A.B. asks: 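Structure below; questions to follow.
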Amino acid sequence: MPVSPQLRQFIDLVKHSGLFDGTWYLQQYPDAAASGMDPVEHYLRVGARQLRDPSPRFSTRHYLTTNPDVASAGVDPLCHYIVHGAKEGRTPLPQTITMARQADRVDVIVPVFNAPDDVRRCLQALRTRDDGFSLRVIVVNDGSDAATSAWLREFCAAHGDRFTLIEHEQNLGYTQAVNNGLRAASAPYLVTLNSDTIVTRGWLKGLLRCLESDPRLGIVGPLSNAASWQSVPQLRGADGQFVVNELPASTSPDAMATLVAAASERRYPRLPFLNGFCLLMRRTVVDAIGAFDEERFPLGYGEENDFCLRAADAGFELAVADDTYVFHAKSRSFGHERREELSAQGDQALRARHGAARIDALLAQTRHNAVLDGVRARLQERLAAHDAGAGDDDLLATPILFLLPAKGGSGGANSVVQEAAAMRQLGAPVNVAVPTAGRAEFIACYGDMAGIDELVIGFTDGDLVELARRYAVVVGTIHHSMPLVRRIIDACPGIVAGYYVQDYEPLFFAEQSEVWRQARASYTLVEGAVLFAKTRWLADKVRAEHPGLVVHKVQPSIDLDVFKPAPRAAGERIRLAAMIRPTTPYRGPQRTLDVLARVAAASPDAIELHAFGCSDGELALMARPAGMPLVNHGFLKRREVARLLAGCDVFIDLSDYQAFGRTALEAMACGCAAMVTCHGGSDEYAIDGINALVVDSFDVDECAQRLQQLCEDRAQLRRLQVEGLMTASRYPLRAAIVSALKVLNSALHARRQQARPAQAALREGR
């Protein structure tokens, strides 16, 4: 059975969510395996309709029972949760246990062997960061030198109400040190923590929140700068090995923890192994399986993986608290070569106990986790914006050229032009370059915009490179602009290249066609280009299709000086507006006409229909009922669109998908309620039933029914209009342009930093 673009988008959404367990699904439902379909495809085609659960981490019945609006929306429950529910705080599982109370006791076991500077930082952080819980720290001195031992005794004596010291006369090894701490512990929650760590504000609260999110969880761990597959913001280096991420200059562990929390969606991904540098576990785990295996893993290499496997065999699940960060300096008790030797010995012992095939299979599951990859990508975006402060003095002094070889008046072109114009108003030396032959026509589209003649400049094939030499940054804005950017960078390697991604353009064209290949290649055509996009969906889509690319998320915008409410005459009829473009099939022009026709037929005296975006001739070629009352306004400029929307009650966008859906947000800014597709990036601003109607644009029956209900419920219509106005007010131009300037300026600053050593060498004659 062919897979439609709509179903393919849903499949990708579910696969990247981290909430679908294909192995579990096939085991639970043998008919799914017999069907020969991919398990996700089977779930979406068959299982969702039969209320099957896709994973132990998502309960379809619970979600539909606790959120009845989902059933009436006609959207698959898991997809609804991924797109809307997580952001709205809806729960995917029955909450059978409560969150840990701050009165609950937590014992933290810290084994110590020398490295006194790391130990001081670790214990001082624990002393001040208990997150309000009843925290006891059990320090196990495993035969450290005299100086380290003396400091430990003094420190623990001074803080005896919270710190307990256990001492070994000689070094017994990491595993036995941890086990002796566990034997001394009595709290219902236990933490094993390396002595070269620094806990951050909120670390314990975050770990407990993760652990208590699901009663099946037995062990959880945080993200860190150096924790193998739990490492952020980078996982591996150029050599393919796990990296030790250094903290950026002027960034503290607490600051990094704040950035991690902001980048997280609290998905709590399950992993078969957790890094042992910091583990929070229930006391019941140790009661069920015992402590760490000090016989097979005496020095602490491989013991945590063995512990994780034994816990899983006993029925406990393991998860990463993807919103929590603990800094890890990486062990300094052994040298690099000794660590490599011990690691190899631990791996050998692990495989001997649990079987090499099992270990390899579980490692394959661990290496690539979509949830953690998403956190890393979003964290990299936030770090780029955070680090941009190092060069903010140049924020409004950077000459930037946007290349826009396209006609004006469309959504993507409008975005580039209005944001570039706003940058100029702030004093930034910015221009938009269009082909000289079409410059006059392009400018005519924006004749109402002050300074448009100075903003928009022309270029030809012959003068493009010389024109670009005046700029520090050149930004492509459409797929066929990137070969031009490539020409410029090849000739002027000192210029920073950017790509303002307006959409995932391969979706516009037949797969494997020549233009499809060109569009797909545009994202990687210019090595080192800074990619940025206005919605999370779009950034994630590019990253998913082109693994390894960093796509920065910037603030979207609308021009609130143009798109704003206007006085309107009171009337009995509900005025519906839609953009209909027969030449752009993915915008669903025929579906849109069909829905409008149904609503108008159901209430012929109460509905007034308006369309724009095409000529009368194009509209005449489309199928619609004879005599359907529809006023076609043809091709409109920005202010004409704003006037139409300000005079209407509902704007309808039934596109196959929208990377952003600017016109719907502009309609909301005009006081017009919006009906938008649930596919794509409209969830950047649209919340179903709160400030908009979010629908499956492929389901004509649902769209017509919900639109008809809205037209009949004036109170609900007014609520959506008011909430839409408030939503749109959060997308001013200035916030958007500053976020984009920060991303570009950060890249320019990094380029200059890289160039300084070479320039210094030249000055010194080296």
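Predicted model, so just to flag it, every value in this text is computed and none were measured.
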A.B. asks: Between H479 and F509, what is the ring plane arrangement, given parallel below 30°, perpendicular above 60°, and tilted in between?
C.D. replies: perpendicular
A.B. asks: Can you confirm whether Q555 sits close enough to V738 that some side-chain heavy atom of one is under 4.5 Å from a side-chain heavy atom of the other?
C.D. replies: no
A.B. asks: Is R424 atom CZ crowded by more than 12 heavy atoms from other residues, nucleotides or ligands, each under 6.0 Å away?
C.D. replies: yes
A.B. asks: Between S682 (side chain only) and C678 (backbone N and O only), is there a donor and an acceptor less than 3.5 Å apart?
C.D. replies: no
A.B. asks: Would you say the side chain of V700 lies within less than 4.5 Å of the side chain of R598, judging by non-hydrogen atoms?
C.D. replies: yes
A.B. asks: Would you indicate whether the side-chain heavy atoms of V456 and F442 approach each other to under 4.5 Å?
C.D. replies: yes
A.B. asks: Do L455 and F402 have side chains that get closer than 4.5 Å, going by heavy atoms?
C.D. replies: no
A.B. asks: Quick one: pull up CZ in R643 and CG in L636 and give me the separation to the nearest 0.5 Å.
C.D. replies: 9.0 Å
A.B. asks: Is the shortest side-chain heavy-atom distance between Y446 and R638 below 4.5 Å?
C.D. replies: yes
A.B. asks: Hey, could you give me the CZ/CG distance between R573 and L609, rounded to the nearest 0.5 Å?
C.D. replies: 9.5 Å
A.B. asks: What's the shortest heavy-atom distance between D696 and C703, and which atoms?
C.D. replies: O-SG, 3.4 Å
A.B. asks: About how many Å separate CD of E712 and CD1 of I607, when rounded to the nearest 0.5 Å?
C.D. replies: 8.0 Å
A.B. asks: Judged by atom type as modelled, is there a donor-acceptor pair below 3.5 Å linking the side chain of E618 to the main-chain atoms of S615?
C.D. replies: yes
A.B. asks: Taking L576 as the fixed residue, which of D649, L707, L710 is the one that meets the side-chain contact (heavy atoms from CB on, under 4.5 Å) rule?
C.D. replies: L707
A.B. asks: Quick one: closest heavy-atom pair of E454 and I457, and the distance?
C.D. replies: O-CG2, 4.2 Å
A.B. asks: Donor-acceptor check, side chain of H633 to backbone of H610, threshold 3.5 angstrom: yes or no?
C.D. replies: no
A.B. asks: Do you know which two heavy atoms are closest between F20 and P54, and how far apart they sit?
C.D. replies: CD1-CB, 3.3 Å
A.B. asks: Which distance, rounded to the nearest 0.5 Å, do you find between the CG of D559 and the CG of L733?
C.D. replies: 5.0 Å
A.B. asks: Is a donor on one side and an acceptor on the other found under 3.5 Å between the side chain of R543 and the backbone of V551?
C.D. replies: yes
A.B. asks: Does the R536 side chain pair with the main chain of R378, one donor and one acceptor, at a distance under 3.5 Å?
C.D. replies: no
A.B. asks: Between Q502 and V416, does a side-chain contact (heavy atoms from CB on, under 4.5 Å) hold up when you go through it step by step?
C.D. replies: CA-CA 9 Å; Q502 301 290 315; V416 173; 3.8 Å; yes
A.B. asks: What's the shortest heavy-atom distance between M579 and F651, and which atoms?
C.D. replies: N-CE1, 3.7 Å
A.B. asks: How long is the span from the CG atom in L44 to the CG atom in D38, to the nearest 0.5 Å?
C.D. replies: 9.0 Å
A.B. asks: With side-chain contact (heavy atoms from CB on, under 4.5 Å) as the criterion, how do Y657 and D503 come out once you've worked through the C-alpha distance, each side chain's angles and the decisive distance to 0.1 Å?
C.D. replies: CA-CA 10 Å; Y657 78 98; D503 210 317; 2.7 Å; yes
A.B. asks: On a heavy-atom basis, which atom in M622 and which in I580 lie closest, and how many Å separate them?
C.D. replies: SD-CG2, 3.9 Å
A.B. asks: Kindly determine whether M668 and L665 satisfy side-chain contact (heavy atoms from CB on, under 4.5 Å), including the steps that lead there.
C.D. replies: CA-CA 5 Å; M668 292 161 73; L665 186 58; 4.2 Å; yes
A.B. asks: Please determine whether the number of non-hydrogen atoms from other residues, nucleotides or ligands lying under 6.0 Å from atom CZ of R517 exceeds 12.
C.D. replies: yes
A.B. asks: Side chain of E640, backbone of K637: donor and acceptor closer than 3.5 Å?
C.D. replies: yes
A.B. asks: So do the side chains of T584 and Y586 get within less than 4.5 Å of each other, counting heavy atoms only?
C.D. replies: yes
A.B. asks: Flag this pair as yes if the NZ/CZ of R591 is under 6.0 angstrom from the six-membered ring centre of F698 and inside a 45 degree cone about the axis; otherwise no.
C.D. replies: yes
A.B. asks: May I have the step-by-step check of side-chain contact (heavy atoms from CB on, under 4.5 Å) for T663 and D653, ending in yes or no?
C.D. replies: CA-CA 8 Å; T663 308; D653 181 351; 5.8 Å; no
A.B. asks: Just verifying a value: how many Å separate I488 CD1 and E466 CD, rounded to the nearest 0.5 Å?
C.D. replies: 11.0 Å
A.B. asks: Indicate whether any N or O donor in one side chain lies under 3.5 Å from an N or O acceptor in the other, for Q716 and R719.
C.D. replies: yes
A.B. asks: Go through the steps to decide whether D461 and R487 satisfy the test salt bridge (charged side-chain N to carboxylate O under 4.0 Å, His left out), and finish with yes or no.
C.D. replies: CA-CA 10 Å; D461 189 63; R487 276 182 56 200; 2.8 Å; yes
A.B. asks: Going by the angle between their ring planes, with limits at 30° and 60°, are Y685 and F660 parallel, tilted or perpendicular?
C.D. replies: perpendicular
A.B. asks: Quick check: does any side chain N or O of S697 sit under 3.5 Å from a backbone N or O of S655, one acting as donor and the other as acceptor?
C.D. replies: yes
A.B. asks: Answer whether the closest heavy-atom distance between the side chains of F508 and V515 falls below 4.5 Å.
C.D. replies: no
A.B. asks: With a 3.5 Å distance limit and no angle check, can you tell me whether T436 reaches the backbone of F459 through a side-chain donor-acceptor pair?
C.D. replies: yes
A.B. asks: Hey, does the side chain of K553 reach the backbone of D540 with a donor-acceptor pair shorter than 3.5 angstrom?
C.D. replies: no
A.B. asks: Do you know the tightest heavy-atom contact between V432 and A420?
C.D. replies: CG2-CB, 3.6 Å
A.B. asks: Are the side chain of R706 and the backbone N or O of V694 linked by a donor-acceptor pair below 3.5 Å?
C.D. replies: yes
A.B. asks: Is it true that the side chains of S522 and E505 contain a donor and an acceptor less than 3.5 Å apart?
C.D. replies: no
A.B. asks: Does any non-hydrogen side-chain atom of D656 lie less than 4.5 Å from one of T677?
C.D. replies: no
A.B. asks: Side chains of E545 and Y523 only: does a donor on one sit below 3.5 Å from an acceptor on the other?
C.D. replies: no
A.B. asks: Do S603 and Q708 pair up side chain to side chain, a donor and an acceptor below 3.5 Å, judged on atom types alone?
C.D. replies: yes
